[in-house]
Amino acid sequence: MRFFLLNILSILILLSGCSMKQQADTIFFNGKIYTVDSAFSIASSFAIREGKILAVGSEEEISSRYDSENKIDLKGKPVYPGFYDAHCHFFGYGSDLVKCNLYGTKSFDEVLDRLTEYSKANPFPDGEELKMSWLLGRGWDQNDWVVKEFPDNKKLDSLFPHVPVYLVRVDGHAALCNSEALRRANITAQTKVSGGLVEIKNGRPTGIVIDNAMEVLKEIIPPFDDVMNRKALLTAQQNCFAVGLTSVCDAGLGSDTILLIRRLQKEGPLKMRINAMAADGEKSLQFIFTQGKIKDERLSVCAVKVYSDGALGSRGACLLEDYYDKPGQKGFLLHDTSYFRKIAQQCYERGFQMCTHCIGDSAARVILKIYGEVLKGKNDLRWRIEHAQVVHPDDLVLFEKYSVIPSVQPTHATSDMYWAEERLGTERIHSAYAYNDLLKQNNLVAFGTDFPVENISPLYTFYAAVARKDLKNFPERGFQPENIVSRENTLRAMTTWAAYAGFEEKEKGQIVPGMFADFVILSDDIMTIEENKIPLVRVEATYLNGEKVY
């Protein structure tokens with residue numbers, strides 16, 4: 001009888017212990033989990049409930065405290081917080097997917113060949129509708145061609161004499177148009193545009209328009225309808241989940257697009273977490289300053305995106321000294337400095353971030369000084385310099401002085417390294433793509449891609465930061481290896497620091513209790529494998545809110 005009672009007691013104790021366990025929706029175990037917490041600790045198991053991380057620890061710790069009907073064996077695979085692209089053009093990327101793809105073309109003739117094939121595969125409607133049809137493309141880069149000069153539109157005119165053609169350069173800061181497009185936009189050899197350029201040769205427009213001159217054409221190109229915009233957003237989402245992205249910061253959206261994103265997120269199909277910077281156009285500024293900040297679990301709007309200059313590749317970046325390969329040309333600011341001061345004051349008074357595109361060192365100096373006039377000293381407003389591509393060494397301290405966050409794109413360095421020195425010369429090039437120097441100012445930096453300018457893959461971002469090499473492992477020692485960023489800091493810059501740059505560090509960017517259950521499982525460990533194998537790593541699964549989305 002005593003033996004029987006002891007057995008009963010043991011069973012009751014066991015059942016009591018089991019009943020004391022908390023229930024989780026899912027438990028993941030047998031993994032290598034990079035929490036990216038302050039200690040950069042690594043765990044082997046974690047539990048999630050209601051879309052958030054419930055607990056993280058060893059398998060023994062989690063199994064002793066939690067139970068679930070859904071347990072997933074990670075089979076030793078590495079797990080990281082969902083990757084966060086701190087600067088991209090999510091909506092623009094999706095929109096570009098339906099246009100003629102000109103990325104990777106090696107000559108202007110190849111551009112024309114692709115355009116011809118695209119026009120055959122996507123015939124224009126007959127009749128009156130033809131007047132509204134445009135042939136659109138993006139991605140060409142003359143720096144990748146044997147003849148590294150801007151093309152002109154003579155061949156384009158011969159192929160497409162009546163249909164307007166608008167082909168955006170890879171950086172989004174220049175375009176090639178045929179004569180029909182220029183005619184519709186009333187652009188002639190006499191056209192002058194403040195903050196932009198219409199290229200003229202032998203008394204005629206070549207078809208090249210740079211920066212603000214592009215806006216004249218954008219205004220007359222028929223916009224996509226809601227059906228196409230919806231398709232663009234959902235296709236972009238699908239592709240981003242496939243590379244491990246769970247959050248993106250879209251650097252500059254109009255109010256109509258922000259409202260469409262909000263609607264699609266509330267309806268359900270758009271799951272991606274989006275931090276949207278409002279574009280600095282009159283309509284979007286009026287909307288966001290009247291509406292106020294937007295903040296929920298999937299959409300955040302608390303920043304204004306401003307363009308101060310153009311791009312280095314198209315020589316629109318505003319430099320302190322002449323372009324090395326174009327004496328007499330320094331690039332230009334896109335607006336008068338009074339415009340930037342006005343936006344800065346409006347943002348400050350309303351509590352919005354100001355995030356300014358600065359490629360050239362002159363643009364960076366102008367904007368940093370305007371930031372300083374408004375911010376006056378250290379603060380927690382997290383204003384940002386987007387790209388910070390060329391920064392004079394004397395101006396680096398202004399980031400620390402005014403608590404300004406550098407938001408940069410490591411793959412820009414490995415894409416531009418073949419020709420950037422031609423633009424800047426042997427001395428100034430060392431002030432460009434200086435990510436470690438920028439990191440040292442505030443002990444953080446936010447990493448993104450600027451896609452569709454670059455590939456959307458965060459693994460390519462990681463490799464470019466830690467190796468400073470292209471996908472062919474060139475150059476052998478890395479481009480300016482003094483600015484290689486450590487693997488730990490790179491992972492932080494793609495997760496928790498990216499979240500911090502958008503005031504979201506308390507909800508994403510780490511695998512710790514209370515955070516959204518956004519994480520990615522990779523085929524191999526990017527923190528430990530050989531450097532040249534990093535671009536070959538595959539995304540095995542992407543989870544958002546505890547739901548497997550890829």
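Here the structure is a predicted model, which is why all the values come from computation and not from measurement.
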Q: Look only at the side chain of Q238 and the backbone of L234, and say whether a donor-acceptor pair between them is shorter than 3.5 Å.
A: no

Q | Minimum side-chain heavy-atom gap L115-L156 below 4.5 Å | A | yes

Q) Side chains of Q409 and T461: is there a donor and an acceptor less than 3.5 Å apart? A) no

Q: For N473 and N532, test the side chains for any donor-to-acceptor distance below 3.5 angstrom and give the result as yes or no.
A: no

Q: Using a strict 4.0 Å threshold on nitrogen-to-oxygen distance, state whether E507 and K295 make a salt bridge.
A: yes

Q) Backbone N or O of A24 within a donor-acceptor pair of the S68 side chain at under 3.5 Å? A) yes

(Q) Quick check: closest heavy atoms across R273 and D518, and the distance to 0.1 Å? (A) NE-OD2, 2.6 Å

Q) Are D524 and K533 ion-paired here, with the side-chain N under 4.0 Å from a carboxylate O? A) no

Q: Check whether any side-chain heavy atom of N489 sits under 4.5 Å from a side-chain heavy atom of W497, and report yes or no.
A: yes

Q. Can you find a pair of side-chain heavy atoms, one from M494 and one from R492, that are under 4.5 Å apart?
A. no

Q | Candidate list D361, D325, D416, test salt bridge (Lys or Arg N to Asp or Glu O under 4.0 Å), partner R423, passing option | A | D325

Q.
Nearest 0.5 angstrom please: D171 CG to L312 CG, how far?
A. 9.5 Å

Q: Considering non-hydrogen atoms only, spot the tightest contact between V445 and A493 and give its length.
A: O-CB, 3.2 Å

Q. Rounded to the nearest 0.5 Å, how far does OH of Y435 lie from CG of N483?
A. 9.0 Å

Q. Hey, does the side chain of H387 reach the backbone of Q389 with a donor-acceptor pair shorter than 3.5 angstrom?
A. no

**Q.** Heavy-atom closest pair, residues M272 and L245
**A.** CE-O, 3.5 Å

Q: Mind running ring-ring contact (aromatic ring centres under 6.0 Å, His included) on F46 and F519 for me, showing each step along the way?
A: CA-CA 11 Å; F46 64 100; F519 53 93; 5.0 Å; yes

Q) Can you check ring-ring contact (aromatic ring centres under 6.0 Å, His included) on F28 and Y543, steps first, answer last? A) CA-CA 12 Å; F28 292 82; Y543 284 79; 5.3 Å; yes

Q. Less than 4.5 Å apart, any side-chain heavy atom of C88 and any of Y93?
A. no

Q: Decide whether T449 and T411 meet the rule of one side-chain donor and one side-chain acceptor closer than 3.5 Å.
A: no

Q. Distance under 6.0 Å and angle within 45° of the ring axis: does R382 meet both against F503?
A. yes

(Q) Determine whether R487 and E531 satisfy the following criterion, side-chain contact (heavy atoms from CB on, under 4.5 Å), listing intermediate values before the conclusion. (A) CA-CA 10 Å; R487 297 195 194 200; E531 186 179 87; 4.0 Å; yes

Q) Would a distance-only check, ignoring hydrogens and angles, find a side-chain to backbone donor-acceptor pair under 3.5 Å from T542 to V520? A) no

Q) Strictly by modelled atom types, are Q480 and Y433 linked by a side-chain donor-acceptor pair under 3.5 Å? A) no

**Q.** Aromatic plane relationship, H173 with Y307 - under 30° parallel, 30 to 60° tilted, over 60° perpendicular
**A.** perpendicular

Q. Could you give the distance from CZ (R315) to CG (D211), rounded to the nearest 0.5 Å?
A. 13.5 Å

Q.
Using 0.5 Å steps for rounding, measure from the SG atom of C100 to the CH2 atom of W140.
A. 13.5 Å

Q: Check whether any side-chain N or O of H357 sits under 3.5 Å from a backbone N or O of D309 as a donor-acceptor pair, and report yes or no.
A: yes

Q: Please check if the side chain of T35 supplies one atom and the backbone of S41 the other of a donor-acceptor pair under 3.5 Å.
A: yes

Q) Does the separation of the ring centres of F108 and F150 fall below 6.0 angstrom? A) no

Q: Give, for atom CE of M354 and atom OH of Y371, the distance between the pair rounded to the nearest 0.5 Å.
A: 5.0 Å

Q. Is the closest side-chain donor-acceptor distance between D470 and T414 under 3.5 Å?
A. no

(Q) Show, in sequence, the C-alpha distance, side-chain angles and deciding distance for K271 and E547, and conclude whether the salt bridge (Lys or Arg N to Asp or Glu O under 4.0 Å) test is met. (A) CA-CA 10 Å; K271 303 174 186 296; E547 174 192 358; 3.8 Å; yes

Q: Specify the closest pair of heavy atoms between I210 and S314, including all atoms of both residues, with the distance to one decimal.
A: CD1-O, 3.8 Å

Q: Say whether, by atom type as modelled, one donor and one acceptor occur between the side chain of K469 and the main chain of E476 under 3.5 angstrom.
A: yes

Q: Indicate whether any N or O donor in one side chain lies under 3.5 Å from an N or O acceptor in the other, for H87 and D450.
A: yes

Q: May I ask you to test the E61-S45 pair for a side-chain heavy-atom distance under 4.5 Å?
A: no

**Q.** Geometric class of the Y34/Y80 ring pair [parallel <30°, tilted 30-60°, perpendicular >60°]
**A.** parallel

(Q) Looking only at side-chain N and O atoms, does E386 offer a donor or acceptor that is under 3.5 Å from a partner on S407? (A) yes

Q.
I need the K231 NZ to M228 CE distance, nearest 0.5 Å.
A. 5.5 Å

Q) Are any of the side-chain heavy atoms of D96 and K99 separated by less than 4.5 Å? A) yes

Q: List the steps and the verdict of side-chain contact (heavy atoms from CB on, under 4.5 Å) for Q237 and L270.
A: CA-CA 7 Å; Q237 170 179 258; L270 188 59; 3.5 Å; yes

Q.
With a 3.5 Å distance limit and no angle check, can you tell me whether T490 reaches the backbone of S486 through a side-chain donor-acceptor pair?
A. yes

Q: Please check if any side-chain donor atom of Y84 sits under 3.5 Å from a side-chain acceptor atom of E504, or the reverse.
A: yes

Q | Nearest atoms (heavy-atom pairs only) where S119 meets L135 | A | CB-CD2, 4.4 Å

**Q.** Nearest heavy atoms of V391 and A388, plus distance in Å
**A.** CG2-O, 3.7 Å

(Q) Hydrogens and angles aside, do Y550 and N239 bring a side-chain donor and acceptor to less than 3.5 Å of each other? (A) no

Q | N/O donor-acceptor pair under 3.5 Å between K148 side chain and N143 backbone | A | yes

Q. Does the side chain of T356 come within less than 4.5 Å of R384's, by heavy atoms?
A. no

Q) Under a 4.5 Å cut-off applied to non-hydrogen side-chain atoms, are K548 and F241 in contact? A) no

Q) Do T105 side-chain atoms and S107 backbone N/O form a donor-acceptor pair below 3.5 Å? A) no

